[in-house]
Amino acid sequence: MLNGLKPQAADKILALMGMLKADPRPDKIDLGVGVYKDANGLTPIMRAVKAAERRLWESETTKTYTALAGEPGFHAAMAALILGTGYPEARVAALATVGGTGAVRQALELVRMAAPDATVWVSDPTWPNHLTILSYLGIKTRAYRYFDGESRGVDFAGMMADLAQATAGDVVLLHGCCHNPTGANLTLPEWAEVAALLERSGALPLIDLAYQGFGDGLEADAAGTRLLAARLPQVLIAASCSKNFGIYRERTGILLAVTPDPETRDLVQGNFAFLNRQNYSFAPDHGSRLVTMILTDAGLRADWQAELEEVRLGMLALREQLAAELRRLAGSDRFGFLGQHRGMFSRLGASPEQVEKMRVENAIYMVGDSRLNIAGLNAATVPVLARAIIAAGV
(Lines give C-alpha, C1' and ligand atoms only; values in the text may rest on other atoms or scores of the structure.)
Protein backbone atom coordinates (compact mmCIF):
# COMPACT_ATOMS: atom_id res chain seq x y z
CA MET A 1 0.00 0.00 0.00
CA LEU A 2 2.63 2.52 1.02
CA ASN A 3 4.44 2.16 -2.29
CA GLY A 4 1.36 3.69 -3.92
CA LEU A 5 2.02 7.06 -2.30
CA LYS A 6 3.04 9.90 -4.58
CA PRO A 7 6.15 11.99 -3.90
CA GLN A 8 5.32 15.43 -2.53
CA ALA A 9 6.95 18.62 -3.68
CA ALA A 10 9.73 19.70 -1.34
CA ASP A 11 9.01 22.71 0.87
CA LYS A 12 11.19 25.47 -0.56
CA ILE A 13 11.97 27.03 2.81
CA LEU A 14 12.91 23.69 4.37
CA ALA A 15 15.10 22.93 1.34
CA LEU A 16 16.76 26.33 1.77
CA MET A 17 17.43 25.51 5.42
CA GLY A 18 19.15 22.31 4.32
CA MET A 19 21.39 24.22 1.90
CA LEU A 20 22.22 26.75 4.60
CA LYS A 21 23.18 24.04 7.06
CA ALA A 22 25.46 22.40 4.50
CA ASP A 23 27.20 25.67 3.60
CA PRO A 24 30.62 25.69 5.33
CA ARG A 25 31.14 29.48 5.01
CA PRO A 26 31.33 31.00 8.50
CA ASP A 27 29.85 34.35 7.45
CA LYS A 28 26.61 32.96 5.95
CA ILE A 29 23.46 34.98 6.63
CA ASP A 30 20.10 33.27 7.15
CA LEU A 31 17.22 35.46 5.96
CA GLY A 32 14.97 32.57 4.92
CA VAL A 33 13.33 30.82 7.85
CA GLY A 34 10.42 32.72 9.40
CA VAL A 35 11.62 32.70 13.00
CA TYR A 36 12.59 35.70 15.10
CA LYS A 37 16.28 35.87 16.01
CA ASP A 38 18.16 38.32 18.18
CA ALA A 39 21.44 40.03 17.30
CA ASN A 40 23.33 36.86 18.24
CA GLY A 41 21.26 34.69 15.91
CA LEU A 42 19.34 33.03 18.73
CA THR A 43 15.60 32.70 19.29
CA PRO A 44 15.53 33.49 23.01
CA ILE A 45 12.99 32.42 25.60
CA MET A 46 11.24 35.55 26.83
CA ARG A 47 11.75 36.53 30.46
CA ALA A 48 8.04 36.31 31.31
CA VAL A 49 7.82 32.85 29.73
CA LYS A 50 10.72 31.63 31.88
CA ALA A 51 9.11 33.08 35.00
CA ALA A 52 5.73 31.54 34.18
CA GLU A 53 7.35 28.16 33.57
CA ARG A 54 8.99 28.27 36.99
CA ARG A 55 5.65 29.02 38.64
CA LEU A 56 3.92 26.32 36.63
CA TRP A 57 6.55 23.76 37.55
CA GLU A 58 6.05 24.54 41.22
CA SER A 59 2.25 24.62 41.16
CA GLU A 60 1.14 22.07 38.55
CA THR A 61 -0.23 18.90 40.11
CA THR A 62 -1.46 16.88 37.13
CA LYS A 63 -0.91 16.26 33.43
CA THR A 64 -4.41 15.00 32.74
CA TYR A 65 -6.44 16.25 29.78
CA THR A 66 -7.89 19.72 29.77
CA ALA A 67 -11.11 20.79 28.05
CA LEU A 68 -11.59 19.55 24.47
CA ALA A 69 -11.76 23.08 23.05
CA GLY A 70 -9.07 24.38 25.42
CA GLU A 71 -9.25 26.12 28.76
CA PRO A 72 -11.79 28.95 29.15
CA GLY A 73 -9.13 31.13 30.79
CA PHE A 74 -6.96 30.89 27.68
CA HIS A 75 -9.96 31.69 25.47
CA ALA A 76 -10.81 34.78 27.50
CA ALA A 77 -7.25 36.08 27.78
CA MET A 78 -6.55 35.71 24.06
CA ALA A 79 -9.93 37.10 22.99
CA ALA A 80 -9.28 40.21 25.08
CA LEU A 81 -5.76 40.56 23.64
CA ILE A 82 -7.05 40.30 20.07
CA LEU A 83 -10.49 41.94 20.28
CA GLY A 84 -9.86 44.31 23.19
CA THR A 85 -11.33 44.44 26.66
CA GLY A 86 -15.09 44.55 26.64
CA TYR A 87 -15.39 42.26 23.62
CA PRO A 88 -18.84 40.62 23.20
CA GLU A 89 -18.06 37.44 25.12
CA ALA A 90 -21.51 35.92 24.62
CA ARG A 91 -21.03 36.04 20.83
CA VAL A 92 -17.45 34.73 20.60
CA ALA A 93 -16.64 31.04 20.22
CA ALA A 94 -13.04 29.94 20.84
CA LEU A 95 -10.86 26.92 20.15
CA ALA A 96 -7.33 26.15 21.32
CA THR A 97 -5.30 24.83 18.39
CA VAL A 98 -1.93 23.33 17.53
CA GLY A 99 -0.23 26.60 16.65
CA GLY A 100 -1.42 29.27 14.27
CA THR A 101 -1.27 26.78 11.39
CA GLY A 102 -3.68 24.55 13.30
CA ALA A 103 -6.00 27.52 13.76
CA VAL A 104 -5.99 28.21 10.01
CA ARG A 105 -6.59 24.53 9.26
CA GLN A 106 -9.50 24.26 11.71
CA ALA A 107 -11.02 27.48 10.34
CA LEU A 108 -10.94 26.11 6.81
CA GLU A 109 -12.32 22.77 8.00
CA LEU A 110 -15.20 24.71 9.57
CA VAL A 111 -15.78 26.58 6.31
CA ARG A 112 -15.87 23.30 4.39
CA MET A 113 -18.39 21.85 6.84
CA ALA A 114 -20.61 24.93 6.74
CA ALA A 115 -20.40 25.67 3.00
CA PRO A 116 -18.74 22.94 0.89
CA ASP A 117 -19.01 25.05 -2.28
CA ALA A 118 -17.45 28.18 -0.76
CA THR A 119 -14.71 30.02 -2.61
CA VAL A 120 -11.85 31.37 -0.52
CA TRP A 121 -10.24 34.58 -1.82
CA VAL A 122 -6.51 34.69 -1.11
CA SER A 123 -4.08 37.60 -1.47
CA ASP A 124 -1.49 37.44 -4.24
CA PRO A 125 1.00 36.64 -2.80
CA THR A 126 0.23 34.94 0.50
CA TRP A 127 1.82 32.55 2.97
CA PRO A 128 2.39 29.34 0.94
CA ASN A 129 0.76 27.13 3.60
CA HIS A 130 -2.55 28.90 2.99
CA LEU A 131 -2.59 27.61 -0.57
CA THR A 132 -1.40 24.10 0.21
CA ILE A 133 -3.98 23.61 2.98
CA LEU A 134 -6.76 24.93 0.75
CA SER A 135 -5.66 22.64 -2.06
CA TYR A 136 -5.45 19.61 0.24
CA LEU A 137 -8.96 20.28 1.55
CA GLY A 138 -10.28 20.66 -1.99
CA ILE A 139 -11.61 24.17 -1.35
CA LYS A 140 -12.02 26.45 -4.35
CA THR A 141 -9.78 29.50 -4.33
CA ARG A 142 -9.47 32.78 -6.19
CA ALA A 143 -6.62 35.27 -5.93
CA TYR A 144 -7.03 38.97 -5.32
CA ARG A 145 -4.38 41.52 -6.17
CA TYR A 146 -2.45 42.73 -3.15
CA PHE A 147 1.22 43.58 -3.73
CA ASP A 148 2.35 46.25 -6.16
CA GLY A 149 5.68 45.10 -7.58
CA GLU A 150 6.66 48.63 -8.58
CA SER A 151 5.98 50.55 -5.37
CA ARG A 152 6.45 47.48 -3.11
CA GLY A 153 3.28 48.61 -1.35
CA VAL A 154 -0.33 47.44 -1.35
CA ASP A 155 -2.21 47.54 -4.65
CA PHE A 156 -5.32 48.65 -2.83
CA ALA A 157 -7.29 49.66 -5.92
CA GLY A 158 -6.62 46.26 -7.48
CA MET A 159 -7.48 44.50 -4.24
CA MET A 160 -10.83 46.26 -3.92
CA ALA A 161 -11.69 45.71 -7.59
CA ASP A 162 -11.07 41.98 -7.24
CA LEU A 163 -12.86 41.59 -3.89
CA ALA A 164 -15.89 43.41 -5.33
CA GLN A 165 -16.53 40.12 -7.13
CA ALA A 166 -16.80 38.16 -3.86
CA THR A 167 -20.34 37.21 -2.91
CA ALA A 168 -22.25 35.93 0.11
CA GLY A 169 -21.00 32.43 0.84
CA ASP A 170 -17.43 33.32 -0.10
CA VAL A 171 -14.56 33.70 2.37
CA VAL A 172 -11.93 36.43 2.16
CA LEU A 173 -8.61 35.47 3.76
CA LEU A 174 -6.84 38.55 5.16
CA HIS A 175 -3.54 39.05 6.98
CA GLY A 176 -4.27 40.94 10.20
CA CYS A 177 -0.88 42.70 10.21
CA CYS A 178 2.73 42.21 9.08
CA HIS A 179 1.73 40.63 5.76
CA ASN A 180 3.69 37.48 4.96
CA PRO A 181 5.61 37.48 2.61
CA THR A 182 5.55 41.14 1.58
CA GLY A 183 5.56 43.22 4.79
CA ALA A 184 3.13 45.66 3.10
CA ASN A 185 0.06 46.38 5.22
CA LEU A 186 -3.34 48.02 4.95
CA THR A 187 -3.89 51.35 6.70
CA LEU A 188 -6.80 51.68 9.12
CA PRO A 189 -8.86 53.74 6.61
CA GLU A 190 -8.28 50.95 4.07
CA TRP A 191 -9.45 48.38 6.61
CA ALA A 192 -12.64 50.45 6.94
CA GLU A 193 -13.16 50.30 3.18
CA VAL A 194 -12.65 46.52 3.26
CA ALA A 195 -15.23 46.29 6.05
CA ALA A 196 -17.73 48.30 4.02
CA LEU A 197 -17.17 46.08 0.99
CA LEU A 198 -17.70 42.92 3.06
CA GLU A 199 -20.83 44.44 4.58
CA ARG A 200 -22.23 44.91 1.08
CA SER A 201 -21.23 41.51 -0.27
CA GLY A 202 -21.91 39.34 2.76
CA ALA A 203 -18.59 37.50 2.29
CA LEU A 204 -17.02 36.14 5.49
CA PRO A 205 -13.59 37.44 6.53
CA LEU A 206 -11.03 34.96 7.85
CA ILE A 207 -8.16 36.90 9.44
CA ASP A 208 -4.78 35.28 9.96
CA LEU A 209 -3.21 37.21 12.85
CA ALA A 210 0.21 35.63 13.27
CA TYR A 211 2.32 38.64 14.23
CA GLN A 212 0.39 40.83 16.67
CA GLY A 213 2.93 43.06 18.43
CA PHE A 214 5.62 42.74 15.74
CA GLY A 215 4.44 45.65 13.57
CA ASP A 216 3.23 48.88 15.17
CA GLY A 217 2.39 47.49 18.63
CA LEU A 218 -0.15 45.18 20.23
CA GLU A 219 -3.08 47.57 19.94
CA ALA A 220 -2.29 49.01 16.51
CA ASP A 221 -1.65 45.57 15.01
CA ALA A 222 -5.10 44.39 16.11
CA ALA A 223 -6.93 47.54 14.96
CA GLY A 224 -7.98 46.19 11.57
CA THR A 225 -9.18 42.92 13.06
CA ARG A 226 -11.15 44.75 15.75
CA LEU A 227 -12.72 47.04 13.17
CA LEU A 228 -14.03 44.09 11.15
CA ALA A 229 -15.18 42.27 14.28
CA ALA A 230 -17.13 45.35 15.41
CA ARG A 231 -18.83 46.01 12.06
CA LEU A 232 -19.55 42.57 10.65
CA PRO A 233 -21.90 39.92 12.03
CA GLN A 234 -19.51 37.00 11.47
CA VAL A 235 -15.70 36.93 11.50
CA LEU A 236 -13.17 34.11 11.88
CA ILE A 237 -9.77 34.91 13.42
CA ALA A 238 -6.82 32.49 13.48
CA ALA A 239 -4.06 33.68 15.81
CA SER A 240 -0.62 32.41 16.77
CA CYS A 241 1.35 32.74 20.01
CA SER A 242 4.57 31.49 18.42
CA LYS A 243 5.99 34.87 17.54
CA ASN A 244 4.81 37.38 20.13
CA PHE A 245 5.43 34.96 23.02
CA GLY A 246 8.40 33.23 21.38
CA ILE A 247 6.99 29.75 22.09
CA TYR A 248 7.34 28.27 18.61
CA ARG A 249 7.84 24.67 19.69
CA GLU A 250 4.93 24.69 22.15
CA ARG A 251 2.53 24.97 19.17
CA THR A 252 0.06 27.39 20.72
CA GLY A 253 -2.72 29.02 18.72
CA ILE A 254 -6.38 29.95 18.90
CA LEU A 255 -9.33 30.18 16.56
CA LEU A 256 -12.02 32.75 17.37
CA ALA A 257 -15.42 33.10 15.75
CA VAL A 258 -17.37 36.31 16.21
CA THR A 259 -21.02 35.37 15.68
CA PRO A 260 -24.25 37.39 15.37
CA ASP A 261 -25.90 36.04 18.55
CA PRO A 262 -25.36 33.67 21.50
CA GLU A 263 -27.30 30.86 19.82
CA THR A 264 -24.98 30.86 16.82
CA ARG A 265 -22.03 31.11 19.16
CA ASP A 266 -23.12 27.90 20.91
CA LEU A 267 -23.58 26.16 17.55
CA VAL A 268 -20.08 27.15 16.43
CA GLN A 269 -18.57 26.21 19.79
CA GLY A 270 -19.99 22.72 19.49
CA ASN A 271 -18.57 22.36 16.01
CA PHE A 272 -15.21 23.67 17.21
CA ALA A 273 -15.04 20.91 19.83
CA PHE A 274 -16.06 18.35 17.18
CA LEU A 275 -13.23 19.46 14.89
CA ASN A 276 -10.62 19.12 17.62
CA ARG A 277 -11.96 15.66 18.49
CA GLN A 278 -11.67 14.49 14.88
CA ASN A 279 -8.22 15.94 14.37
CA TYR A 280 -6.06 15.67 17.50
CA SER A 281 -8.63 15.64 20.34
CA PHE A 282 -7.08 17.86 23.02
CA ALA A 283 -4.76 20.65 21.95
CA PRO A 284 -1.41 21.02 23.77
CA ASP A 285 -1.83 22.82 27.08
CA HIS A 286 1.65 23.87 28.20
CA GLY A 287 2.02 26.88 25.91
CA SER A 288 -1.56 28.06 26.31
CA ARG A 289 -1.26 27.84 30.10
CA LEU A 290 1.90 29.96 30.04
CA VAL A 291 0.16 32.53 27.84
CA THR A 292 -2.81 32.62 30.21
CA MET A 293 -0.54 33.10 33.22
CA ILE A 294 1.32 35.95 31.53
CA LEU A 295 -1.77 37.77 30.30
CA THR A 296 -3.59 37.55 33.63
CA ASP A 297 -0.69 38.51 35.93
CA ALA A 298 0.09 42.23 35.98
CA GLY A 299 3.81 41.81 36.61
CA LEU A 300 4.38 39.08 34.04
CA ARG A 301 2.28 40.93 31.48
CA ALA A 302 4.19 44.17 31.93
CA ASP A 303 7.53 42.41 31.52
CA TRP A 304 6.29 40.49 28.46
CA GLN A 305 5.00 43.66 26.81
CA ALA A 306 8.26 45.47 27.53
CA GLU A 307 10.35 42.70 25.98
CA LEU A 308 7.99 42.39 23.01
CA GLU A 309 8.36 46.13 22.43
CA GLU A 310 12.14 45.74 22.51
CA VAL A 311 11.84 43.07 19.81
CA ARG A 312 9.56 45.25 17.68
CA LEU A 313 11.73 48.34 17.95
CA GLY A 314 14.83 46.29 17.21
CA MET A 315 13.35 45.08 13.93
CA LEU A 316 12.29 48.62 13.03
CA ALA A 317 15.83 49.84 13.67
CA LEU A 318 17.22 47.16 11.36
CA ARG A 319 14.72 48.17 8.67
CA GLU A 320 15.71 51.81 8.93
CA GLN A 321 19.42 50.96 8.93
CA LEU A 322 19.04 48.79 5.81
CA ALA A 323 16.98 51.41 3.98
CA ALA A 324 19.54 54.11 4.86
CA GLU A 325 22.50 51.99 3.78
CA LEU A 326 20.83 51.15 0.46
CA ARG A 327 19.96 54.82 -0.02
CA ARG A 328 23.64 55.66 0.43
CA LEU A 329 24.85 52.95 -1.96
CA ALA A 330 22.16 53.36 -4.61
CA GLY A 331 22.03 57.13 -4.55
CA SER A 332 18.23 56.95 -4.55
CA ASP A 333 15.35 56.10 -2.25
CA ARG A 334 14.08 53.17 -4.29
CA PHE A 335 14.50 50.89 -1.29
CA GLY A 336 12.63 53.23 1.06
CA PHE A 337 9.78 50.72 1.25
CA LEU A 338 11.93 48.59 3.58
CA GLY A 339 11.55 51.22 6.29
CA GLN A 340 7.80 51.43 5.70
CA HIS A 341 7.06 47.72 5.81
CA ARG A 342 6.28 46.08 9.13
CA GLY A 343 6.96 42.73 10.77
CA MET A 344 9.71 40.26 10.08
CA PHE A 345 9.34 40.10 6.31
CA SER A 346 9.75 42.22 3.23
CA ARG A 347 9.72 41.23 -0.41
CA LEU A 348 12.79 42.82 -1.90
CA GLY A 349 11.76 42.70 -5.55
CA ALA A 350 14.79 40.69 -6.69
CA SER A 351 14.55 38.04 -9.39
CA PRO A 352 15.26 34.37 -8.55
CA GLU A 353 18.55 34.77 -10.44
CA GLN A 354 19.55 37.75 -8.31
CA VAL A 355 18.61 35.86 -5.14
CA GLU A 356 20.76 32.93 -6.29
CA LYS A 357 23.65 35.28 -7.08
CA MET A 358 23.55 36.61 -3.51
CA ARG A 359 23.53 33.05 -2.15
CA VAL A 360 26.44 31.86 -4.30
CA GLU A 361 28.64 34.94 -4.01
CA ASN A 362 27.76 36.26 -0.55
CA ALA A 363 26.33 33.29 1.39
CA ILE A 364 23.08 35.21 1.83
CA TYR A 365 20.08 32.92 2.02
CA MET A 366 16.58 34.17 1.28
CA VAL A 367 13.49 32.62 -0.34
CA GLY A 368 13.51 32.60 -4.15
CA ASP A 369 10.73 35.18 -4.38
CA SER A 370 13.12 37.54 -2.51
CA ARG A 371 11.26 37.42 0.81
CA LEU A 372 13.80 38.28 3.48
CA ASN A 373 13.51 37.94 7.22
CA ILE A 374 14.62 41.24 8.75
CA ALA A 375 15.10 39.51 12.11
CA GLY A 376 17.89 37.43 10.54
CA LEU A 377 20.05 40.56 10.39
CA ASN A 378 22.07 42.50 12.93
CA ALA A 379 23.84 45.84 12.82
CA ALA A 380 27.02 44.24 11.44
CA THR A 381 25.36 42.21 8.66
CA VAL A 382 23.09 44.99 7.34
CA PRO A 383 25.92 46.62 5.32
CA VAL A 384 26.92 43.19 3.96
CA LEU A 385 23.39 42.60 2.70
CA ALA A 386 23.12 46.12 1.28
CA ARG A 387 26.32 45.72 -0.75
CA ALA A 388 25.17 42.32 -2.02
CA ILE A 389 21.80 43.73 -3.10
CA ILE A 390 23.46 46.48 -5.12
CA ALA A 391 26.06 44.09 -6.57
CA ALA A 392 23.31 41.72 -7.68
CA GLY A 393 21.68 44.54 -9.64
CA VAL A 394 18.41 44.60 -7.71
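Count residues from 1 along the sequence.
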S.K.: Please report the C-alpha distance between D303 and R47 in whole Å, then the side-chain angles of each, then the deciding distance to 0.1 Å, and finally whether the salt bridge (charged side-chain N to carboxylate O under 4.0 Å, His left out) criterion is met.
M.R.: CA-CA 7 Å; D303 192 32; R47 297 185 299 265; 2.9 Å; yes

S.K.: Among E353, E361, Q354, which residue satisfies the side chain to side chain donor-acceptor pair (under 3.5 Å) criterion with K357?
M.R.: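 Testing K357 for a side chain to side chain donor-acceptor pair (under 3.5 Å) against E353, E361, Q354 leaves exactly one candidate, E361.
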
S.K.: Inspect the contact between R312 and E309 and indicate whether a charged nitrogen and a carboxylate oxygen are less than 4.0 angstrom apart.
M.R.: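 Salt bridge: yes.
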
S.K.: Look up atom CH2 in W121 and atom OG1 in T141, then write down how far apart they are to the nearest 0.5 Å.
M.R.: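 It is 10.0 Å, given to the nearest 0.5 Å.
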
S.K.: Return the set of residues passing side chain to side chain contact (heavy atoms under 4.5 Å, CB included) with K140 (not counting sequence neighbours), or none when no residue passes.
M.R.: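 Expected list: D117, T119.
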
S.K.: Does D30 come within less than 4.0 Å of K37, counting only side-chain N to carboxylate O?
M.R.: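 So D30 pairs with K37 through a salt bridge.
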
S.K.: Using the side chain to side chain contact (heavy atoms under 4.5 Å, CB included) criterion, which residues pair with D148? Sequence neighbours excluded.
M.R.: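 For D148, the residues satisfying side chain to side chain contact (heavy atoms under 4.5 Å, CB included) (neighbours in sequence not counted) are E150, S151, D155.
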
S.K.: Between E109 and R105, is there a salt bridge with N-O shorter than 4.0 Å?
M.R.: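 Yes, this pair counts.
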
S.K.: So how far is it from H179 NE2 to C177 SG, rounded to the nearest 0.5 Å?
M.R.: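 It is 11.0 Å, given to the nearest 0.5 Å.
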
S.K.: Could you tell me the separation between the CG atom of L377 and the CG atom of L322, rounded to the nearest 0.5 Å?
M.R.: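 Atom-to-atom, L377:CG and L322:CG are 6.5 Å apart.
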
S.K.: Could you tell me whether R327 and D333 have a side-chain N and a carboxylate O separated by less than 4.0 Å?
M.R.: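 Between D333 and R327 there is a salt bridge, with a charged N closer than 4.0 Å to a carboxylate O.
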
S.K.: Checking N362 against R387: is there a side-chain donor and acceptor pair closer than 3.5 Å?
M.R.: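 Absent: no donor and acceptor within the cut-off.
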
S.K.: Got a sec: does the CD of E89 have more than 12 other heavy atoms crowding it under 6.0 Å?
M.R.: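 For E89, atom CD is not crowded (no more than 12 foreign heavy atoms under 6.0 Å).
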
S.K.: Do L197 and L204 sit in the same hydrophobic cluster, where Ile, Leu, Val, Met, Phe, Trp and Tyr count as joined when their side-chain heavy atoms come under 4.5 Å apart?
M.R.: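 As far as the 4.5 Å side-chain criterion goes, L204 and L197 are not connected within one cluster.
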
S.K.: Dump the intermediate steps for side chain to side chain contact (heavy atoms under 4.5 Å, CB included) on M315 and Y36, then the final yes or no.
M.R.: CA-CA 9 Å; M315 287 190 290; Y36 171 76; 4.2 Å; yes

S.K.: Check N180, D208, T126 against H175 for a side chain to side chain donor-acceptor pair (under 3.5 Å) and give me the one that passes.
M.R.: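 Filter result, single survivor: T126.
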
S.K.: Donor-acceptor pairs are to be reported for all side-chain atoms of residues 65-86 against protein atoms at under 3.5 Å, with residues two or more places apart or in another chain.
M.R.:
from : atom 1 : to  : atom 2 : distance (Å)
E71  : OE2    : A67 : N      : 3.2
H75  : NE2    : A69 : O      : 2.8

S.K.: Does D221 reach the main-chain N or O of G213 with its side chain, forming a donor-acceptor pair under 3.5 Å?
M.R.: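 Between the backbone of G213 and the side chain of D221 there is a qualifying donor-acceptor contact (under 3.5 Å).
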
S.K.: Would you indicate whether M160, at its atom CE, is surrounded by more than 12 heavy atoms from other residues, nucleotides or ligands within a distance under 6.0 Å?
M.R.: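 Counting other residues, nucleotides and ligands, CE of M160 exceeds 12 neighbours.
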
S.K.: Does the plane of the ring in W127 sit parallel, tilted or perpendicular to the ring in H130? Use 30° and 60° as the thresholds.
M.R.: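 The arrangement is perpendicular - the two ring planes meet at more than 60°.
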
S.K.: Does any non-hydrogen side-chain atom of F147 lie less than 4.5 Å from one of R152?
M.R.: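 Sidechains of F147 and R152: in contact.
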
S.K.: Evaluate the ring planes of Y211 and F214, with Trp represented by its six-membered ring, and classify them as parallel (under 30°), tilted (30 to 60°) or perpendicular (over 60°).
M.R.: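 Answer is tilted, since the angle falls between 30° and 60°.
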
S.K.: Is there a side-chain contact between M159 and L174 in this structure, where contact means two heavy atoms from C-beta onward sitting under 4.5 Å apart?
M.R.: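 M159 reaches L174 side chain to side chain.
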
S.K.: Any heavy-atom pair between the side chains of I374 and M344 that's under 4.5 Å?
M.R.: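 They are not in side-chain contact.
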
S.K.: Is there a side-chain contact between V268 and Q234 in this structure, where contact means two heavy atoms from C-beta onward sitting under 4.5 Å apart?
M.R.: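 A side-chain contact is absent here, since even the closest heavy-atom pair is not under 4.5 Å.
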
S.K.: Any luck finding a side-chain donor-acceptor pair between H341 and T182 under 3.5 Å?
M.R.: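 No pair is found: no donor N or O on one side chain lies under 3.5 Å from an acceptor on the other.
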
S.K.: May I have the step-by-step check of salt bridge (charged side-chain N to carboxylate O under 4.0 Å, His left out) for D369 and K12, ending in yes or no?
M.R.: CA-CA 10 Å; D369 65 2; K12 294 180 180 179; over 6 Å; no

S.K.: Is the shortest heavy-atom distance from the side chain of R277 to the side chain of F274 under 4.5 Å?
M.R.: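 SC-SC contact between R277 and F274 ruled out.
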
S.K.: Tell me whether I294 is reachable from V311 by hopping between hydrophobic residues (I, L, V, M, F, W, Y) whose side-chain heavy atoms are closer than 4.5 Å.
M.R.: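 Linked within one cluster.
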
